[in-house]
Protein chains: 2
Amino acid sequence: MSGRERWALVLQQHQIKPSYPRLRIYTYLVMSRTHPTADEIYMALIHDMPTLSKMTVYNTLKILVEKGLARLISIEEHEARYDANISLHGHFKCTVCDRVYDFPISEHNVQVQGLDGFQITERDLFLRGICPECTQSSTAATP
Amino acid sequence: MSGRERWALVLQQHQIKPSYPRLRIYTYLVMSRTHPTADEIYMALIHDMPTLSKMTVYNTLKILVEKGLARLISIEEHEARYDANISLHGHFKCTVCDRVYDFPISEHNVQVQGLDGFQITERDLFLRGICPECTQSSTAATP
DNA sequence: TTCTCTGCAAACGCTTTGCACGGAT
DNA sequence: ATCCGTGCAAAGCGTTTGCAGAGAA
C-alpha cells in the first residue's frame, strides 16, 4: 500500500471522504513537521494543484480538527497553526525565528489540582523563548 | 493610599506614565478576573470615559505586556485575552460558555526534558473542556 | 517649546459566509 | 437526479498603521 493510499484509508476511517485536495492537504500535514499555517499549506500545494483554493484548505483543516485527525495550535494569536501529530506533546515557539518545535511531555506535566468537576478534553503546554540556533547566531553577532 | 494611587505607583515603577486612560485600563484589568479582551475592556470603560478610543486600549495593553505587568493569553486563536496576574498559573477555557478559569500549577507541571539549549521565557498550560456549571446545565437539559 | 499620549480614519490580514458550478453516486 | 465538495467573490472582524491635535513637562 502506498503512502497516499494509507492516508486515504485513515481519512475514510474518520468519516472524511478522501477527495484529491483533502488527501493532498492531509498528507502534507502528516509529512510536515513545521506546524504549518493554512497559508503555508496552500503555498506548498498550489504549484502542484493550480486550481486549489485557499477555501478548500480552510475547509479541510476544519474537518480534520473536528474529526480528531489534527490539532489546532494557538501558541500565538493571529496565526492558526496545525499539527497532524495528535499524541500528547508540548510546543516551543522561538520568538526570533518563529519556528515551532515539538518536545515530549508526560501525563504528570498536565496533571493539575483545583479542577474538580471540570471535563478536560484538550491539554496544551506552550513554551516560548529562543531556540539554540537563534541563541548562537545572536551571541555570534555580538562580539 | 487609595487603590487608584497604588496602581499608579506600580505603573510608574515599570516606566509607564500613569495617564488617566492607562490607569483606568490597568486598574480594570487588575480587578477583573475574567481575562478580558481588548474590546471587553473598551466596552466596560466607554460609559465612564466617552472619549476613550479602542486605540488607547490596544496601545496600553501592548505596553503593559512589554513591561511585564500583564500577560497575553492566546488560549484561543482570533481572540487576544489579557491577564494582570503574572504569577505562574494555568488557564482552563470552557468551550461552552467561553469563560476562562485560573487554576494553580507548580514548577513540575512545566518542567520538561528535551529542550537543552533552549532559553525559555514564557510558560503556558492551557486546558480546554466543559466547566462544572455548563456540565450541570447540559445534563439537566437531557433528562 | 518640545515631547509624549490620545484617538480618528483608513488600511490590513486572516478567516468566514454566500453562492454557483461540477463531479460523483 | 441528487448530493456533496470545490472554489470564486465579497464581507467580516480584530488589530495595526499613519497622522494630527491635545496635553503635560
Side-chain angles (χ1 to χ4, degrees), chain A residues 7-8 11-12 14-29 35-67 69-82 98 100, chain B residues 7-8 11-12 14-29 34-67 69-82 93 98 100:
Chain A
W7 301 124
L11 288 179
Q12 279 182 327
H14 287 78
Q15 290 82 44
I16 303 174
K17 235 179 243 179
S19 74
Y20 183 69
R22 287 176 175 176
L23 184 52
R24 291 297 304 269
I25 292 167
Y26 181 54
T27 313
Y28 179 83
L29 193 58
H35 315 83
T37 62
D39 193 64
E40 286 168 5
I41 297 172
Y42 173 76
M43 290 312 232
L45 296 180
I46 190 65
H47 303 105
D48 262 24
M49 313 166 63
T51 71
L52 178 69
S53 139
K54 211 177 272 189
M55 283 316 315
T56 304
V57 178
Y58 281 121
N59 286 336
T60 304
L61 289 172
K62 190 178 179 181
I63 295 172
L64 289 175
V65 170
E66 283 171 2
K67 300 295 187 181
L69 279 180
R71 282 177 61 70
L72 174 58
I73 306 173
S74 48
I75 192 168
E76 205 67 41
E77 73 297 348
H78 76 253
E79 61 173 20
R81 298 190 163 272
Y82 294 85
D98 275 0
V100 175
Chain B
W7 302 125
L11 290 179
Q12 280 181 326
H14 288 76
Q15 289 80 45
I16 303 174
K17 236 179 242 180
S19 74
Y20 183 69
R22 288 176 176 176
L23 184 52
R24 290 297 303 272
I25 291 167
Y26 181 54
T27 313
Y28 179 81
L29 192 58
T34 60
H35 315 82
T37 63
D39 193 63
E40 284 168 6
I41 297 172
Y42 172 77
M43 290 311 232
L45 296 178
I46 190 64
H47 303 105
D48 263 25
M49 312 165 63
T51 70
L52 179 70
S53 143
K54 213 177 270 190
M55 282 317 314
T56 304
V57 179
Y58 283 120
N59 285 336
T60 304
L61 289 172
K62 189 178 180 181
I63 295 172
L64 290 175
V65 170
E66 283 172 1
K67 300 294 187 180
L69 279 179
R71 282 176 60 71
L72 173 58
I73 306 172
S74 47
I75 193 169
E76 204 68 42
E77 74 297 348
H78 76 254
E79 63 172 20
R81 296 189 165 272
Y82 295 85
K93 165 139 186 175
D98 275 359
V100 175

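Naming: A, B, ... by sequence-line order, numbering from 1 per chain.
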Colleague: Contact class for B:Thr51 vs. all strands (heavy atom < 4.0 Å): base, sugar-phosphate, or nothing?
Modeller: sugar-phosphate
Colleague: If I take atom CG in residue A:Leu45 and atom P in nucleotide D:dT6, what distance separates them, rounded to the nearest angstrom?
Modeller: 13 Å
Colleague: Please report the distance, rounded to the nearest Å, between CD1 in B:Ile73 and P in D:dG14.
Modeller: 18 Å
Colleague: How many angstroms lie between atom CG of B:Leu45 and atom OH of B:Tyr28, to the nearest 0.5 angstrom?
Modeller: 7.0 Å
Colleague: Start at the 5' end of DNA chain D and walk down; is the nucleotide closest to B:His78 or to B:Asn59 reached first?
Modeller: B:His78
Colleague: Taking CD from B:Glu76 and P from D:dC13, how many angstroms apart are they, rounded to a whole number?
Modeller: 18 Å
Colleague: Which nucleotide wins on minimum distance to the side chain of B:Tyr58, given the candidates D:dG5, D:dT15, C:dT6?
Modeller: D:dT15
Colleague: Going by an N to O cut-off under 4.0 Å, is there a salt bridge joining B:Arg81 and B:Glu76?
Modeller: no
Colleague: Rounded to whole angstroms, how far apart are CE on B:Met55 and C1' on C:dG7?
Modeller: 8 Å
Colleague: Send over the distance from A:Tyr42 OH to D:dT6 P, rounded to a whole Å.
Modeller: 15 Å
Colleague: Using whole Å, report how far CE of A:Met49 lies from C1' of D:dG5.
Modeller: 13 Å
Colleague: Measure from CZ on B:Arg22 to C1' on C:dT4 and round the result to the nearest Å.
Modeller: 8 Å
Colleague: Measuring from atom CG of B:Leu61 to atom OH of B:Tyr82, what distance do you get when rounded to the nearest 0.5 angstrom?
Modeller: 5.0 Å
Colleague: For a quick test of reading the model, state the closest non-hydrogen atom pair linking A:Leu52 to A:Ile46 and the distance between them.
Modeller: O-CD1, 3.5 Å
Colleague: Provide, to the nearest angstrom, the distance between the CD atom belonging to B:Gln15 and the P atom belonging to C:dC5.
Modeller: 13 Å
Colleague: Below the 4.0 Å mark, does D:dT6 have OP1 or OP2 next to a side-chain nitrogen or oxygen of A:Ser53?
Modeller: no
Colleague: Just call it for B:Lys17: base, sugar-phosphate, or nothing, with non-hydrogen atoms closer than 4.0 Å on any strand.
Modeller: sugar-phosphate
Colleague: Can you tell me which nucleotide in C:dC5, D:dG7, C:dC8 comes closest to the side chain of A:Leu52?
Modeller: D:dG7
Colleague: Of the nucleotides D:dT15, C:dT6, C:dT15, which one has an atom closest to the side chain of A:Ala80?
Modeller: C:dT15
Colleague: Begin with the C-alpha distance, continue with both residues' side-chain angles, and end with the deciding distance and a verdict on side-chain hydrogen bond (donor to acceptor under 3.5 Å, both in side chains) for A:Tyr20 and A:Arg24.
Modeller: CA-CA 6 Å; A:Tyr20 183 69; A:Arg24 291 297 304 269; 2.8 Å; yes
Colleague: With a cut-off of less than 4.0 Å, is there a side-chain N or O of A:Ser19 near OP1 or OP2 of D:dT6?
Modeller: yes
